[in-house]
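Below is one structure, written out as structure tokens, with a few remarks after it.
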There are 2 protein chains.
Amino acid sequence: MSAVRLLSQLSQASQPSEWLDTILKGDCVAALEKLPANSVDVIFADPPYNLQLAGDLHRPDQSKVDAVDDHWDQFDSFAAYDAFTRAWLLAARRVLKPNGTIWVIGSYHNIFRVGSMIQDLGFWILNDIVWRKTNPMPNFRGRRFQNAHETLIWASRESKAKAYTFNYEALKASNDDVQMRSDWLFPICTGGERLKDDQGNKLHPTQKPEALLARIIMSSTKPGDVILDPFFGSGTTGAVAKRLGRHFVGIEREQTYIDAAVERIEAIRPLERADLTVLTGKRAEARVAFVSLLDMNLLAPGTVLYDAKKRYKAKVRADGTIVSGDFAGSIHRVGALLQGFDTCNGWTFWHYERNGGLNLIDELRRIARLGIERAGA
Amino acid sequence: MSAVRLLSQLSQASQPSEWLDTILKGDCVAALEKLPANSVDVIFADPPYNLQLAGDLHRPDQSKVDAVDDHWDQFDSFAAYDAFTRAWLLAARRVLKPNGTIWVIGSYHNIFRVGSMIQDLGFWILNDIVWRKTNPMPNFRGRRFQNAHETLIWASRESKAKAYTFNYEALKASNDDVQMRSDWLFPICTGGERLKDDQGNKLHPTQKPEALLARIIMSSTKPGDVILDPFFGSGTTGAVAKRLGRHFVGIEREQTYIDAAVERIEAIRPLERADLTVLTGKRAEARVAFVSLLDMNLLAPGTVLYDAKKRYKAKVRADGTIVSGDFAGSIHRVGALLQGFDTCNGWTFWHYERNGGLNLIDELRRIARLGIERAGA
DNA sequence: GGTAGAACTGAATCACATC
DNA sequence: GGATGTGATTCAGTTCTAC
């Protein structure tokens, strides 16, 4: 767990065993290019946003950018930052699976550049998320609003990707049964969670709270998924991924951060598998054909079905279709036609009479599922 | 007050008397070019968001969502939208006083394009502000997080501008004596405030709440200042500016919106100078999600919960749901299922063990609130 | 007239498996 | 890969309707 690899140690078409749950030491783009295409489920990135550039950034022609504050150099440094952003996002996109998603966090200094580039490269933004800080740093000069939030962008690799992972039902159930909003509230990373160096100073300037990563990982990955962090830093992504039963890949240049991250991740104990089960809803349930209710003698041909208010009725035929006046077809089709709608969920529309009351046929589907499960096991 | 001017009625080097507190009818860039340079204190802009909606969207009850599909929100490409954005921002910048500031509102569809262009044109971002909606539209299909906020960018014309207006003390005083944060909470514009047409339908698809404009105007202008709105729409900016004793200039193309705005603004009575206190946003109840207890390490996945008499127990999972036998879901849902009730308040039903005794999880919620309330829920 | 419940609404980039 | 059929999905309000 959490070994370190030099890029030179990776073979060209590297095997997962070479990079899974490891930290790749080196430049972010070079490391991403060592990884196979379509190989990670989710990327979390906390890219640098210092527009002073600190010698980190290069123009597209590889010449170094000097940080200057006047107007034209300002523009110049935006261009350099855009080139840097484009390079790592492109490399990251190659590594992402077709149904994978990417998270990027930033502040107003850089998030607009990042967001534009994400759109330009063909990613499809799913949400922008606001991390509201319970305890942000005050604005000392009193010349602006207190900068009390950061912004995350969540995007799928493809605009047409529909099958990305989103644990909607679990999020809703964990949030008093109302759907999770785009504004999240967490404290900043302080206290015992904040890594310190030998002098007791903070080890990393922008260590993210584990709760933030936990929300991200729990919302958009499944247990066993692979999460890549191209700006690994002190390893929050790796620590939370390991605890939550996910695999990670980190990329980091600075040995100090790598050392701290390795030690940190080593100490993590993953949660029990049973505690990692993610709540799923009806969508994940096995399909049941209406005709199975007849097959299983839960419903007999000739039975009359009603909607909740008995405004409509239809009769079950032996072939698993229903008929109502001129309309015949599936429970869904007939329900839609009777109401004049395009669609209708017949399972939650039609009822049958029992003991003078109306029972939903969806109840029979539940019973059928239990029988099918038992037979299948 | 609130007269309408055709662009052809304006002289080349137009005098303030020709355009102050009026609506200029015509294209936004053309109108801006008719105004003298360095002449307005603040610009508020609510440009088209370029939503790029594909098909229809229906609510679960089959009703159709009234989408923003107006012609003015259609652009062929990001490049076309960027060109449009660049043109109006450039024209707006010329009209702005050297110490003036600009506000632009948008969503994730457009705000990254707008923010990048603002930076590219030499504006200097002072804050990004999040408008958190108390009552946003849900995500009906459960495929994303509920899109519950919009973003505003506040920027000065020049990077070196130090003398822009920011009423720090007044904001702080209006906010329980703590400095105003970058996340604001307001309801969307509904009810009596929402302008309707003759048929009772909403007059404008995206009318902004007056409280939002009031916060903006009170924070970044002085009485008597001039506020320009290049996408005037139904005239919220003009109405609030007049009420708060500021001058406005609106630019709008559609006669329907102009007519409604004129009538609306006519009816406004300016407040007495002494009454120009800041309108504060609605304070929400401090709502705590069960998953926050895990986020804040007040409870760990794997913890066993009991009811008061230890008749029932359930286990906490990492996703913030709980599981008991065949039942899994929210603390409320599982409590209800176990007791055979329709509903159950999980907060006052479930306990955790500590020092051999049982403690209500509602106690943990109380502790979590202490950390959260500071941020105003 | 008052109240309870139904109906309606809002800047929305909102399936997916099978044939 | 395209067409087809099944079937999953909503929060905080305000306004309207029935009694």
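Lettering of chains follows the sequences in order, A, B, ..., and the numbering in each one begins at 1.
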Quiz item: Taking syn as any angle within 90 degrees of 0 and anti as the rest, which one fits D:dT9?
Solution: anti
Quiz item: Hey, is the side chain of A:W347 pairing donor to acceptor with the base of D:dT6 inside 3.5 Å?
Solution: no
Practice problem: Assess whether atom NZ of A:K97 is packed by more than 12 heavy atoms of other residues, nucleotides or ligands within 6.0 Å. | Solution: yes
Quiz prompt | Between D:dT10 and C:dA7 - C1' atom distance, rounded Å | solution = 14 Å
Self-check item: Sugar-phosphate only, base, or nothing, as touched by B:N50 at under 4.0 Å among non-hydrogen atoms
Solution: nothing
Quiz item: What does B:N147 touch in the nucleic acid at a heavy-atom separation under 4.0 angstrom: a base, only the sugar-phosphate, or nothing?
Solution: sugar-phosphate
Self-check item: 5' priority, DNA chain C, between B:V65 and B:D61 [closest heavy atom]
Solution: B:D61
Quiz item: Heavy atoms under 4.0 Å, any strand shown: does B:P209 hit a base, just sugar-phosphate, or nothing?
Solution: nothing
Exercise. Would you kindly give the NZ-to-C1' distance between B:K64 and C:dA12, to the nearest whole Å?
Key: 13 Å
Exercise. Ignoring backbone atoms, test whether B:R141 places a side-chain nitrogen or oxygen under 4.0 Å from the OP1 or OP2 oxygen of C:dA12.
Key: no
Quiz item: Are the ring centres of B:W72 and B:F231 closer than 6.0 Å?
Solution: no
Quiz item: When you check the phosphate oxygens OP1 and OP2 of D:dA12, does a side-chain N or O of B:R132 lie under 4.0 Å from one of them?
Solution: no
Quiz prompt | Protein-nucleotide distance (A:W124, atom CH2; C:dA12, atom P), rounded to Å | solution = 15 Å
Exercise. Return the value, rounded to whole Å, for the distance between atom CD1 of B:I188 and atom P of D:dG13.
Key: 10 Å
Quiz item: At under 4.0 Å between heavy atoms, what does B:N110 touch on the DNA or RNA strands: base, sugar-phosphate, or nothing?
Solution: nothing
Practice problem: Remember a base hit wins even if backbone is also touched, and classify A:T348 as base, sugar-phosphate or nothing at under 4.0 Å, heavy atoms. | Solution: nothing
Quiz item: Under 4.0 Å between a side-chain N/O of A:Y168 and OP1 or OP2 of D:dT10, yes or no?
Solution: yes
Quiz prompt | Test item: A:E150 side-chain N/O and A:W131 main-chain N/O as donor-acceptor pair under 3.5 Å | solution = no
Practice problem: Kindly state whether the ring of B:Y257 and the ring of B:F232 have centres lying under 6.0 angstrom apart. | Solution: no
Quiz item: Is there a donor-acceptor contact under 3.5 Å linking the side chains of A:N38 and A:R157?
Solution: yes
Quiz item: What about B:R144, does its side chain sit under 3.5 Å from the base of C:dT13 through a donor-acceptor pair?
Solution: yes
Practice problem: Take the protein atom NZ of A:K309 and the nucleotide atom C1' of C:dA7, then report the distance between them rounded to whole Å. | Solution: 11 Å
Quiz item: Touch check for A:I331, heavy atoms < 4.0 angstrom, all strands: base, sugar-phosphate only, or nothing?
Solution: nothing
Quiz item: Aromatic ring centroids of B:F145 and A:F166 under 6.0 Å?
Solution: yes
Quiz item: How many Å lie between CD on B:Q52 and P on C:dA12, as a whole number?
Solution: 15 Å
Quiz item: Reckon B:A54 touches a base, only the sugar-phosphate, or nothing at all at heavy-atom distances under 4.0 Å?
Solution: nothing
Exercise. Mind checking A:V178 for me? I need base, sugar-phosphate or nothing, with any heavy atom below 4.0 Å counting as a touch.
Key: sugar-phosphate
Quiz prompt | Length of the CD1-P vector between A:I125 and C:dA12, whole Å | solution = 17 Å
Quiz item: For A:R365 and D:dA8, is the shortest distance between a side-chain N/O and OP1 or OP2 below 4.0 Å?
Solution: yes
Self-check item: Stacked pair B:F140-C:dC14, distance under 5.5 Å, angle under 30°
Solution: no
Quiz prompt | Phosphate OP1/OP2 of D:dT9 contacted by A:K172 side-chain N/O (<4.0 Å) | solution = no
Quiz item: Has the side chain of A:R333 got a donor or acceptor atom sitting under 3.5 Å from an opposite partner on the base of D:dG7?
Solution: no
Quiz item: Counting any heavy atom closer than 4.0 Å, what does B:T206 reach on the DNA or RNA strands: base, sugar-phosphate only, or nothing?
Solution: base
Quiz item: Quick one: is A:H332 getting a side-chain N or O under 4.0 Å of the D:dT6 phosphate, OP1 or OP2?
Solution: no
Exercise. Please report, rounded to the nearest Å, how far the C1' atom of D:dT10 is from the NZ atom of B:K133.
Key: 16 Å
Exercise. Remember a base hit wins even if backbone is also touched, and classify B:K208 as base, sugar-phosphate or nothing at under 4.0 Å, heavy atoms.
Key: base
Quiz item: Between D:dC11, C:dG10, C:dT13, which one does the side chain of B:Q146 approach most closely?
Solution: D:dC11
Practice problem: Figure out the NZ/P separation between A:K160 and D:dG1, and round it to whole Å. | Solution: 12 Å
Quiz item: Is there a side-chain polar atom (N or O) of B:T190 under 4.0 Å from OP1 or OP2 of D:dT14?
Solution: no
Self-check item: Among D:dG13, C:dT13, C:dA11, the nucleotide that comes nearest once only the side chain of B:T134 is considered
Solution: D:dG13
Exercise. Among C:dA11, C:dT9, C:dC14, find the nucleotide with the atom closest to the side chain of B:E150.
Key: C:dA11
Quiz item: What nucleic acid atoms does A:G281 come within less than 4.0 Å of, heavy atoms only: base, sugar-phosphate, or nothing?
Solution: nothing
Quiz item: Do any side-chain nitrogens or oxygens of B:K202 fall under 4.0 Å of OP1 or OP2 in C:dT9?
Solution: no
Exercise. Would you indicate what A:E169 reaches in the nucleic acid, counting non-hydrogen atoms under 4.0 angstrom: base, sugar-phosphate, or nothing?
Key: sugar-phosphate
Quiz prompt | Proximity of A:W350 and A:F290 rings by center, below 6.0 Å | solution = no
Practice problem: Look at A:K162 and C:dA15 and indicate whether a side-chain polar atom (N or O) is within less than 4.0 Å of OP1 or OP2. | Solution: yes
Quiz prompt | Ring centers of A:F123, A:W154 separated by less than 6.0 Å | solution = no
Quiz item: Quick one: is B:N135 getting a side-chain N or O under 4.0 Å of the C:dG10 phosphate, OP1 or OP2?
Solution: no
Exercise. Mind telling me whether B:Y81 and B:F84 have parallel, tilted or perpendicular rings, with 30° and 60° as the class edges?
Key: tilted
Self-check item: Nucleotide nearest A:R287 (side chain, heavy atoms from C-beta), chosen from C:dA11, C:dT13, D:dT6
Solution: D:dT6
Quiz item: When you match B:H58 and B:G192 each to their closest nucleotide on DNA chain D, which lands nearer the 5' end?
Solution: B:H58
Exercise. Classify the nucleic acid contact of B:C189 as base, sugar-phosphate or nothing, counting any heavy atom under 4.0 Å across all strands shown.
Key: nothing
